[in-house]
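Working notes for the structure below.
So that the names make sense, note that chain A is the first sequence line, chain B the second, and so on, each numbered from 1.
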2 protein chains.
Amino acid sequence: MGLKLTSHIEDYLETIIMLHKKKRVVRVRDISRKMGLSMPSVCAAIKVLSKNGLVNHEKYGYIELTKQGENLGERIYDSHKILIKFLKEILNTDFRTAEKDACKIEHGISGNTVKRLIAFVKFVETCPHPEGADWLKSFNYFYKYGKRPKEGKVRKIREKS
Amino acid sequence: MGLKLTSHIEDYLETIIMLHKKKRVVRVRDISRKMGLSMPSVCAAIKVLSKNGLVNHEKYGYIELTKQGENLGERIYDSHKILIKFLKEILNTDFRTAEKDACKIEHGISGNTVKRLIAFVKFVETCPHPEGADWLKSFNYFYKYGKRPKEGKVRKIREKS
DNA sequence: AAAGAAAGTTAGTCTAATCTAATATTACTA
DNA sequence: TAGTAATATTAGATTAGACTAACTTTCTTT
């Protein structure tokens, strides 16, 4: 099972998955707009995806995901989502930064690391309240003031930059 | 302050910083070996770094970092270290995976996210023992068994794959 | 100090990913 | 349904980053 895609090509696949979830039908133009790339660039990428059996596409038609393409795309998209979650909900970075960073990070990261990250996010989310308050709130306090909150000290801390 | 480097060029700079810490003197061959790239590739990269005022290099000579190159390189290297720390010590991935993943992740990640990650790692490390045992051990238990350990249940869990 | 080995450079090629301009097809609308 | 607008494709250029082969310089060893 070779199938070596570049991270750029994976980006296209991920975008197709995302569009597919919303639109049911995906065209070159949609991808082009979403990714901010020219249509010829998209065309070229589609050809590569097609050659690798990840999409079906006949000239001037819609772009359909094959089963394989859907599987791989979902996997990539899952990494994306977990990263976003980690960046936004745990590190508490702002939305735009999280999106930008996730895109940079997600490719090439090993499956195992993603698995661990997923577990980690779950672990943190289900964390009991060890310090008399929510664990994540404690982190935000820590980030802001450089020290841990005293028992019962944490209220709401909104700090996004 | 423009100075737009590609992530590949940043990789070279980071390698130079790392070598510099150990060897005091850095040559093309060292970089080539460390990165597993040909010497001509390194030469080309050095030219770019040189044009951007990050290294001084005269033909057939050693490669010296300028002040600016050192500053930027250190910054990049710091991100690298914090990522490694997060991957290895918190997510508990094995050494090789951590190194590989850190390389993929580190470029393009925003300064703010790195700052938050640094704080996060510190926060976790200084975590009191809320569950009757070390927090990270609890995570490893959670990763392995999919549920939180009961009070006083966590011993050593070595699980690296 | 001369010869051979190691390191560094130059020249030229290749691939991936982008673009613009031009052309072709399909869709809309008057 | 004919004409225009939107979409898609092809052709061709550019850039970055890598390579090999060939050449030059420096180092080492006898």
Counting just side-chain N and O atoms, does [X] come under 4.0 Å of either OP1 or OP2 of [N]?
{"X": "S38(A)", "N": "dT18(C)", "result": "no"}
{"X": "K59(A)", "N": "dT10(D)", "result": "yes"}
{"X": "R27(A)", "N": "dA6(D)", "result": "no"}
{"X": "S41(A)", "N": "dC19(C)", "result": "yes"}
{"X": "Y12(A)", "N": "dT18(C)", "result": "yes"}
{"X": "K47(B)", "N": "dT10(C)", "result": "yes"}
{"X": "H8(A)", "N": "dT18(C)", "result": "yes"}
{"X": "Y62(A)", "N": "dA8(D)", "result": "no"}

Would you call [X]-[Y] a salt bridge at under 4.0 Å N-O?
{"X": "K81(B)", "Y": "D78(B)", "answer": "yes"}
{"X": "E74(B)", "Y": "K21(B)", "answer": "yes"}
{"X": "D30(A)", "Y": "R27(A)", "answer": "yes"}

Q: Hey, which sits more toward the 5' end of DNA chain C by its nearest nucleotide, R33(B) or P40(B)?
A: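 Checking each residue's closest nucleotide, the 5'-ward one belongs to R33(B).
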Q: Please tell me which of D30(B) and T6(A) maps to the more 5' nucleotide of DNA chain C, matching each residue to the nucleotide holding its nearest heavy atom.
A: D30(B)
d([atom1], [X]; [atom2], [N]) in whole Å:
{"X": "I46(A)", "N": "dT10(D)", "atom1": "CD1", "atom2": "C1'", "result": "16 Å"}
{"X": "H57(B)", "N": "dG8(C)", "atom1": "NE2", "atom2": "P", "result": "7 Å"}
{"X": "N52(A)", "N": "dA16(C)", "atom1": "CG", "atom2": "C1'", "result": "14 Å"}
{"X": "Y60(B)", "N": "dC27(D)", "atom1": "OH", "atom2": "P", "result": "12 Å"}
{"X": "L37(B)", "N": "dA16(D)", "atom1": "CG", "atom2": "P", "result": "17 Å"}
{"X": "L19(A)", "N": "dT7(D)", "atom1": "CG", "atom2": "C1'", "result": "16 Å"}
{"X": "E58(B)", "N": "dT9(C)", "atom1": "CD", "atom2": "P", "result": "11 Å"}
{"X": "E10(A)", "N": "dA16(C)", "atom1": "CD", "atom2": "C1'", "result": "15 Å"}

Q: Measure from the side-chain heavy atoms of A44(A) and tell me the nearest of dT25(C), dT18(C), dG17(D).
A: dT18(C)
(Q) Let's see if you can work this out: which of dT9(D), dT18(C), dG8(C) has an atom nearest to the side-chain heavy atoms of M39(B)? (A)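 Ranking dT9(D), dT18(C), dG8(C) by closest atom to the M39(B) side chain puts dG8(C) first.
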Q. So, does S110(B) use its side chain to make a donor-acceptor pair with the main chain of T97(A) at under 3.5 Å?
A.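 No; zero donor-acceptor contacts below 3.5 Å.
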Q: Among V42(B), V26(B), L19(B), find the one that has a side chain to side chain contact (heavy atoms under 4.5 Å, CB included) with K34(B).
A: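 Between K34(B) and the candidates, side chain to side chain contact (heavy atoms under 4.5 Å, CB included) is satisfied uniquely by L19(B).
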